[in-house]
Amino acid sequence: MSESATTGVTAVTGMSVAAAFAGMRSVAPVVFRAGCPDCRGRFELGASALRLAIGASSRTTFYSFTCPDCGAAVRKPAGERIVELLTGGGVRTLRLHSAG
């Protein structure tokens, strides 16, 4: 680890929680834009409305949600960037394990 990285960690560690969060404003909840392939509805969903499943391959990695317009169960593939955005936005993640 470089000295500057170590120094940064030390400086933060010596700080109180109140000082670390001083000046922070409340953050608006993350919303994700989505669409339904069945009814063609377009809408925004909060992180709690989505689920992310990470499998061993790109074919087994997907996110899912229920369409708020028609009630259809929607499942879409999730590439690396989508996985990064969803996990960063607080979407619950399930790691799938192969049976082999």
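The first residue in the sequence is number 1, and the count goes up from there. Given the structure is predicted, the values throughout are model-derived calculations rather than measurements.
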What are the two closest non-hydrogen atoms of [X] and [Y], and how far apart are they?
X     : Y     : result
Thr61 : Gly55 : OG1-N, 3.1 Å
Val74 : Gly35 : CG1-O, 4.5 Å
Arg42 : Asp69 : N-OD2, 4.4 Å
Ala78 : Leu52 : CB-CD1, 4.1 Å
Cys36 : Cys70 : SG-SG, 3.8 Å
Ala34 : Phe65 : CB-CZ, 3.9 Å

Say whether, by atom type as modelled, one donor and one acceptor occur between the side chain of [X] and the main chain of [Y] under 3.5 angstrom.
X     : Y     : result
Thr60 : Ser57 : yes
Thr66 : Ala72 : no
Arg51 : Ser48 : yes

**Request:** Taking atom CD of Glu80 as the centre, report whether more than 12 heavy atoms of other residues, nucleotides or ligands fall under 6.0 Å from it.
**Result:**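 Counting neighbours around CD of Glu80, 12 or fewer heavy atoms of other residues, nucleotides or ligands fall under 6.0 Å, so no.
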**Request:** Say whether Val31 and Leu85 are linked into one hydrophobic cluster, either directly or through other cluster members, by side-chain heavy-atom distances under 4.5 angstrom.
**Result:**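 No; Leu85 is not reachable from Val31 via cluster members.
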**Message:** Assigning hydrophobic clusters by single linkage (Ile, Leu, Val, Met, Phe, Trp, Tyr; side-chain heavy-atom cutoff under 4.5 Å), is Val83 placed with Phe32?
**Reply:**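 Linked, Val83 and Phe32 end up in one cluster.
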**Qualifying residue, where the test is side chain to side chain contact (heavy atoms under 4.5 Å, CB included) with Thr93 and the options are Leu50, Ile54, Leu86** =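 Looking at Leu50, Ile54, Leu86, the match for Thr93 under the side chain to side chain contact (heavy atoms under 4.5 Å, CB included) is Ile54.
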